[in-house]
Every structure is written in structure tokens, then in C-alpha cells.
Protein chains: 2
Amino acid sequence: MHAYSGLNDADRRQIDTLLDQRRQVVPARRDVLGEGEVPRFVHVVLEGWGCRYRQMSDGRRQILSVILPGDVFDVTGQVAIRMDHAIGAITQMTVAEVSAEALHDLQLHVPAVAQAVRWNGHVTTATHREWIVSLGLRSARERIAQLFCEVYFRLNLIGLCPTQACEFPLTQADVADATGLTPVHVNRMVQEMRRDRLIEWAGKSLTILDLDALCEIAQFTPAYLHLEHAVPA
Amino acid sequence: MHAYSGLNDADRRQIDTLLDQRRQVVPARRDVLGEGEVPRFVHVVLEGWGCRYRQMSDGRRQILSVILPGDVFDVTGQVAIRMDHAIGAITQMTVAEVSAEALHDLQLHVPAVAQAVRWNGHVTTATHREWIVSLGLRSARERIAQLFCEVYFRLNLIGLCPTQACEFPLTQADVADATGLTPVHVNRMVQEMRRDRLIEWAGKSLTILDLDALCEIAQFTPAYLHLEHAVPA
DNA sequence: CGGAGCCTTGAGATTTATCAAGGGTAGTGG
DNA sequence: CCACTACCCTTGATAAATCTCAAGGCTCCG
């Protein structure tokens, strides 16, 4: 939540209290919330990477979005809704579990919180749309570039990527699941991108060598992230 | 809005008043709202079909979702947000333009309206996720089947498709833009589906001959539409 | 040292795109 | 009433992108 707009100290204390009440640590590669579960809390990511995903009966998996620290999910607005997808941890994750009622109250008292929740919803939806565009009309290379760009800008926003190098704990298979490609093809494209000196990527560390070129390839415009409404605290 | 949950007569009158205040008729194939515009109103579709879409500089187009009567869009929650995609009319459309403030007030007084707006948001987001799955891991035939199924169930819900036959004003090129395929390939798949006696489709009329088979092909489960929260009035 | 997980490479198959052209139909103007 | 145009739909041939299958190598961890 630290990336959201203008809060005073009192507000901030209230938020921290709320986030401190109940938290859960989920090991890497385990579910935070399974498909079909009915979430009892609103979740706020404090640490670690995760993803929304959908698993098919034949084993194929589609990653629907990448979840980073500060993201809020399951804002169901007091309606019990069965999850139509799962939330998985990519690295170990720490998430705060907030009761919907408490969050609702806080939203009434602190407009900035209501604002932040709305902002979160907008960005989530806009990001989904961007992924539809990516999968619908971009090539393999373009989709992968798009993913790198999105993650880079979002990390940057929350202060987790102050330089060109950042953590990137997804495997090539994860990237494949996110982009609708096969791991083999992702591998070949990534190698091409390395040859072209666009990126370096080894282990869990990614370096963006040529951000402009990458954005150009992906036709990436960060507008959909609505960065302007998310002034870092 | 007629498909939404339990309202009494007084509430209904208030809603109708709101919807009556200002409306716009948009001819077929024109934009209701262009990319980059800042919407001044919340829109409620009273009549006609539309779509969200994103146009690329090279002319390619991705349809992001199909918009049907009763759908609400641009629920920006009093924040002026620049559209990162456009809203286009497929047939002639009649939309009510509601001021964000008026809607907000009504939400406070009539919980069912707040509920309906939230429901709308959920379904929109869930539908986007479903499209990501479709584009990410389904084949051409499966994607087209998915689109037919989604539209069929949604029309059914709002009472516009009481039998197996329904209006379907998209062209094959539109279906291509929605599914990330080329018009040529859509044509071939549709013909296959006709040969297999799954559908009939001529002009602007679609008949679902074998809904079960179609759902099976698309692995379609209407869960994401959350029909259970949308009791017809 | 052995295993597990991940990355890499190659060859061939499949799906889907591209290019190009023809045909139907509905509306429009003469 | 006819000709014409515009918009779709259809078909064929060929090309390109991506997938599949299969195997081998690296690295980290126990």
C-alpha cells in the first residue's frame, strides 16, 4: 500500500494497524488461495511475488497477472464470491489479511484509502486489458518484451528496481504460462533478446539493457498503470 | 440494469429517473467514446450491442469485450481517468449517461444499486480474465466457441435469447478481432462448426444447435458470469 | 555423489497467417 | 428496373510462426 497517494501520519498508523492484525507467510510455489475457495479476507501483499492463474484440467496453466508487493486482491466488497482462479506464490510471500468490514470502515473514514482501493481496481482491470491485447495481437517476442516492461515499471514505482537491474523470480516456464507460449519458444526468444543486447537474464536477476528498444518492440506505453495516481509515499 | 438483484418499486423509479435524464443514440460502427477521451459520465447501455476495443497504430484491432444491454461502463468512481481503450457501437446503441455524483448518491441510499455496480465490476473483470485464458491457451475453434457461449449465456440472462436462436450482429472480422485470429481463419473454423452442426449463422442471426457440445469444446463454465448474483427483475 | 529443477538445442509437425482473387447481397442513384 | 458500389463472405495456394517431442547439460542442494 506504500505506493498510494497522499496520506497523513494518523492515516498511515491506522493502515499499519490494520495490516498488522493478521498475516500469512506462504512458501514459494504454493497457493495463497485456491480456485473455488471463498476468500474470507482482503489480502494485501507485503512482500514477495505471486500471480493469479487458472489451471486447466489437462495441466495447462494460464497466468492472468503478476502480483507484486503493495497489490491488493480479493476486494469482494462484502460479497462471498467463489474464486474463479487461484492466487499462487512465486517466491515466498507475506500477505496481510484484512477483514472486509474493517477495510470498509477505514475507507469511509480515510478517503485516501477508498481512493487507493479504487485505484487498485482500475489498474488491475486495465492490466488485464493490456494482457488481452498482448495475447490477441502481439508476436511472441513482443509479448515477452511487454511482460518485462510491465514488471519493470511496476517494480520501479514501488521502489524495488531503482536501477536497470531487478529481481525477476519467474522461470521461463512461468513466462510461457503468462504469454501463452511454450517454454521452448520462450527460451529461443529470450536468447534472441539477449543476443540483441536488450536484456540480461540469469538466475533470478533481470537487467534491462535497452528499455527504449524494449518498449518500442512491445509498443509499451505505461499509461494503463496510471502511475500518475500513485504518488510514492 | 434490469437484470440486477432485488429492487423495490421506489428504488426502481429512482433508477429510471436517473437513466432518463440524459441519453445518447450512437449509430452502428461509430464510437461511443474514443481512446484518450476523459468520460464525463457513467454509461448504461439501454439498447444495442457494442464493444471495448483497442486500436493499434498499424490498423490491427483487438476487441476487449462485448457490451450488451444492461452493461455499465466508465464507473471511474469520481476520478477523471483517460480512456486507454475505446467503446464502439456494433449496432445502433442507446446509452444513458449518468453523472458520477448522482450514481454515487443513489448507491448510498439504495444498497441494491451499490451491489449492482459492484457486481458489474466483478463480472467485467472476471470476463477479462476469461478472455486472457481463451487467448492464452485455447485453439482457434475453442476461442470462437467460447465467444459464442459467453454471448449466448449473457443474452439469455437479460432475456434477449429465450430460444436457441439469437441476434448476433458481429461480422466475422469482428470475431477475428475478438479472438486474435485472422478473418480468413475465423471463416474456415465457422464453416467447420456449421458442418459439425454446432451452429447456424447467417446474416445477423445465430442459432446454437448444440450448446452442450459447444460448451465442451470451449471448456466453457459460466461461473465467471456469476449469474447467481444477477436475479432477473 | 545423486537428484531435481531449469535451461538449451535440434528436427519435424501443425496451426495459423498472408496474399490474392472471386462471388453474393443489399443498398443507391440514374 | 438496371447498374454500380460497398461490404461481407468464401476459396485456394503458399509462407511463417509456433508447437511437439526428444534428448542433453548445467547448477544447486541434500
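Remember, it's a predicted structure, so these values are computed and weren't measured experimentally.
Summarising the geometry, the separation between CH2 on B/Trp201 and C1' on D/dC8 is reported as 11 Å, rounded to the nearest angstrom. What separates CG of A/Leu135 from P of D/dA17 is a distance of 18 Å, to the nearest Å. Atom NE2 in B/His185 sits roughly 16 Å away from atom C1' in D/dA13 (whole-Å rounding). Here the P atom of nucleotide C/dT9 and the CE atom of A/Met189 are 13 Å apart, to the nearest Å. Rounded to a whole Å, the CG atom of A/Asp58 is 15 Å from the C1' atom of D/dT20. In this structure, CZ of B/Arg138 is placed 14 Å from P of C/dT16, rounded to the nearest angstrom. When rounded to the nearest whole Å, the span between CD of B/Glu192 and P of C/dT16 equals 10 Å. To the nearest angstrom, P of C/dC7 lies 12 Å from CD1 of A/Ile199.
Mapped onto DNA chain D by nearest heavy atom, B/Arg29 and B/Val184 fall at different nucleotides, with B/Arg29 at the one closer to the 5' end.
At least one donor-acceptor pair closer than 3.5 Å links the side chain of A/Thr163 to the backbone N or O of A/Ala165.
No contact: B/Gly203 has no heavy atom under 4.0 Å from any strand.
The phosphate of D/dC9 (OP1 or OP2) has no side-chain N or O of B/Asn187 nearer than 4.0 angstrom. Distances shown here put a side-chain N or O of A/Arg194 below 4.0 Å from the OP1 or OP2 atom of C/dT8. An OP1 or OP2 oxygen of D/dC7 is reached within less than 4.0 angstrom by no side-chain nitrogen or oxygen of B/Gln172.
A salt bridge is absent between B/Glu35 and B/Arg52: the closest approach of a Lys/Arg side-chain nitrogen to an acidic carboxylate oxygen does not fall below 4.0 angstrom. Taking a cutoff of 4.0 Å between a charged side-chain nitrogen and a carboxylate oxygen, A/Arg138 and A/Glu130 qualify as a salt bridge. At a threshold of 4.0 Å, the pair B/Arg29-B/Asp174 counts as salt-bridged, since one of the basic side-chain nitrogens sits closer than that to a carboxylate oxygen. We find that B/Glu97 and B/Arg40 are not joined by a salt bridge, their nearest charged nitrogen and carboxylate oxygen being 4.0 Å or further apart.
Side-chain to base pairing of B/Arg188 with D/dG12: one donor and one acceptor N or O lie within less than 3.5 Å of each other.
Side chain of B/Thr171, nearest nucleotide from D/dT18, D/dC9, C/dT9: D/dC9.
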